[in-house]
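Whatever order the structure lists them in is the order used to number ligands and atoms, beginning at 1. Small disclaimer: the values here were computed from a predicted structure and weren't measured.
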Amino acid sequence: MKKVTKKNSRRRFIKQNLLTGAGAMLGISSVSAFFPGRKGKDINTPAILGGAPVLSSPQKPKWSGWPIWDPQTDEPQVLDVLRSGVWSRARVVTQFENEWAKTIGAKRCLTVVNGTNAMICSLVNLNIGGGDEVIIPPYTFIATPQAVLQTGAMPIFVDTDPETFQIDVNKIEEKITPRTRAILPVHIGGLPSDMERIMQIAQKYNLVVVEDACQAWLAEINHKKMGTFGNAGCFSFQNSKNIPIGEGGAIVSDDEEFMDRCYSYHNYGISHGSMIEKYGSGPAMFGTKLRMTEYQAAIGLAQLKRLEGQTVTRNENAAYLKSQIGNIPGIKPYKLYDHVTRAAFHIFFFRYQKEEFKGLSRAQFLKALNAEGVPCSGGYATLNDKPYLGNAFQSKNFKKMYPDEMLDFKRYVERNHCPQNDRLCNEEAVWFMQELLLGPRSDMDYIAAAINKIYRNAEAIKKS
Ligand SMILES: Cc1ncc(COP(=O)(O)O)c(C=O)c1O
């Protein structure tokens, strides 16, 4: 099958696959012995200090570009929509919704314009709004707290479990107040949060649960998909995501009445399903417009065909990479909760502990690893102490909805202090994005060899 990616030409894709077998049997220690460095450069010297990267071209991994598509099967699907002249929500969107509901194991799915609005729509239609508190983790994308603020509710941050990178379930109950109405766990990186414990807490305190599964397509606990544990599950199909459409989002749920309200809300408040009998077929509730287009759905259907196979590859490569780097001192790969049967691996996380690397800072480590040809980053900055919150609290609506003491930003920041998360964001987290997990196993060996090389040369890099 021919595939195209944004960065990769077809020829490059084929070449990449031809290399799959070549490096597959390489162990970490054998890598530098097997491949000579670039002419004139020493392969044992870190690339950041002028040496050659671990492997020299052409053996160096050709990381997958993103998104990937197949011109033979995907392009006709999109062209059909274009040529039909029906571009607004119709048959193809419904087909994609049915497929996504089936894939996730939910009764219903509603597509919307993006993951952010999937969460806003879910929260609003579960009656979350002004004066309410919603519990969220701080280790997430800005869209999560913004979605809560958009409803008029106040995000309350619960610290991160540094081993799993997920919300620390042991710290949720201490943040519950009489105003708490919802928990919004985020399966960050596509690794499942501890949903069994979260649902127990939600039941105990009568809270609704909206899952931010925007990075967790096909991830599972006990073979049950993320997004199906709470009252609603929200997904994103933005361009970088494991199922990319450019923009797009979805809500899944088994609650038919809730889904009818969400549908109505996403279509100007016009009655839908069970609402029609009660209110007639015209506008029945307040709403907005969040409809997905037909050509987005056509891309979604095409992408969906690849998701299962890519997810298997990401899981295999992640487990292998974890086994290869987990014994390097100072490298602490993600941990999965006990009942996780599959993760989505939108991000491969590990913690970097500089004490084991002769005090080499994370910033220097990231630079050195990038220089070896391994794209990586330090990931998210903290979100629980930034001005967007204080400014939201000074808005007209928030001033009307909350007592002054709750809007005092200094007090809010103290109440929402998350020291473990600060450490992850500011000092320890290292990320590889999902594309790095799509290549051959030898790519994982390359990453492990590069980290080992930096470990061996930490002192010299630090001094440079
Ligand atoms: C964890 C998380 N939540 C929410 C979103 C928002 O999704 P979107 O960009 O589709 O609005 C994203 C994606 O960007 C995300 O990564």
Side-chain angles (χ1 to χ4, degrees), residues 66-67 93 96-97 100 109-124 134-151 153 155 157-158 160 164-167 182-193 195 198 209-219 226-227 229-230 232-252 262 266 288-293 296-297 299-300 303 307 314 334 343-349 377 379-384 386 388 421 424-425 429 431-435:
W66 197 258
V93 171
F96 179 66
E97 288 174 343
W100 191 246
C109 167
L110 173 74
T111 51
V112 289
V113 288
N114 52 42
T116 311
N117 277 282
M119 290 191 284
I120 297 168
C121 180
S122 299
L123 290 167
V124 164
V134 176
I135 287 182
I136 66 169
Y139 204 67
T140 184
F141 184 58
I142 181 67
T144 315
Q146 290 288 22
V148 175
L149 290 170
Q150 279 294 323
T151 70
F157 293 92
V158 168
T160 306
T164 61
F165 290 69
Q166 310 300 311
I167 191 167
I183 308 177
L184 205 173
V186 182
H187 309 301
I188 205 66
L191 315 186
S193 301
M195 284 313 294
I198 289 169
V209 175
V210 173
E211 290 174 70
D212 180 340
C214 285
Q215 299 184 359
W217 327 259
L218 308 195
M226 308 323 293
F229 286 81
C234 300
F235 295 89
S236 168
F237 308 119
Q238 180 269 339
N239 229 49
S240 68
K241 300 298 195 286
N242 295 16
I243 166 164
I245 296 182
E247 299 292 351
I251 304 163
V252 298
C262 287
H266 108 302
T288 180
K289 191 187 189 188
L290 305 172
R291 298 187 322 213
M292 182 179 261
T293 62
Q296 284 174 293
I299 297 174
Q303 290 295 342
L307 184 62
R314 289 187 191 101
Y334 66 88
F345 290 108
H346 183 57
I347 308 166
F348 180 102
F349 293 127
S377 78
Y380 292 132
T382 58
L383 282 178
N384 47 330
K386 293 289 182 289
Y388 73 101
N421 190 68
L424 264 191
C425 291
W431 288 16
F432 300 137
M433 292 310 296
Q434 52 92 10
E435 303 95 291

Of all heavy-atom pairs linking Gly300 and Ile243, the shortest is O-CD1, 4.0 Å

Worksheet item: Are any of the N or O atoms of Thr140 closer than 3.5 Å to those of ligand 1?
Response: no

Looking only at protein heavy atoms, what sits closest to atom 16 (O) of ligand 1 is Gln215 NE2, 2.8 Å

- Query: Has His187 got any heavy atom lying under 4.0 angstrom from an atom of ligand 1?
  - Reply: no

_Please check: side-chain N/O of Asn114 versus main-chain N/O of Asn117, any donor-acceptor pairing under 3.5 Å?_
yes

Practice prompt. Would you check whether Val186 has a nitrogen or oxygen atom less than 3.5 angstrom from a nitrogen or oxygen atom of ligand 1?
Written response: no

Closest heavy-atom pair, Thr140 versus Ile188, reported as atoms and distance to 0.1 Å, is CA-CD1, 3.7 Å

Does Phe237 have its ring centroid less than 6.0 Å away from the ring centroid of Trp100?
yes

Note: heavy atom closest to atom 4 (C) of ligand 1, options Cys214, Gly248, Cys234, belongs to Cys214

Exercise. Is there a nitrogen or oxygen of Tyr380 sitting under 3.5 Å from a nitrogen or oxygen of ligand 1?
Worked result: no

heavy-atom search around atom 5 (C) of ligand 1 in the protein gives Ala143 CB, 3.7 Å

Atom 14 (O) of ligand 1 has as its nearest protein heavy atom Lys241 NZ, 2.7 Å

So is His346 close enough to ligand 1, meaning a heavy atom under 4.0 angstrom away?
-> no

Of all protein heavy atoms, the one nearest atom 12 (C) of ligand 1 is Phe141 CD2, 3.6 Å

Margin query: Does ligand 1 come near enough to Thr116 that some N or O of the ligand is less than 3.5 Å from an N or O of the residue?
Written below: yes

Note: Asp212, heavy atoms under 4.0 Å from ligand 1, region reported as side chain

**Request:** Using modelled atom types only, decide if a donor and an acceptor are shared between the side chain of Glu97 and the backbone of Thr111 within a distance under 3.5 Å.
**Result:** yes

Should we say atom CD of Gln238 is surrounded by more than 12 heavy atoms from elsewhere, each under 6.0 Å from it?
-> yes

Determine yes or no for a side-chain-to-main-chain donor-acceptor pair under 3.5 angstrom, with Gln296 supplying the side chain and Glu247 the backbone.
-> yes

Note: Met119, heavy atoms under 4.0 Å from ligand 1, region reported as side chain

Taking every heavy atom of His187 against every heavy atom of Gln166, the minimum-distance pair comes out as CA-OE1, 3.5 Å

Name the orientation class of the two ring planes belonging to Tyr139 and Tyr380 (parallel below 30°, tilted from 30 to 60°, perpendicular beyond 60°).
perpendicular

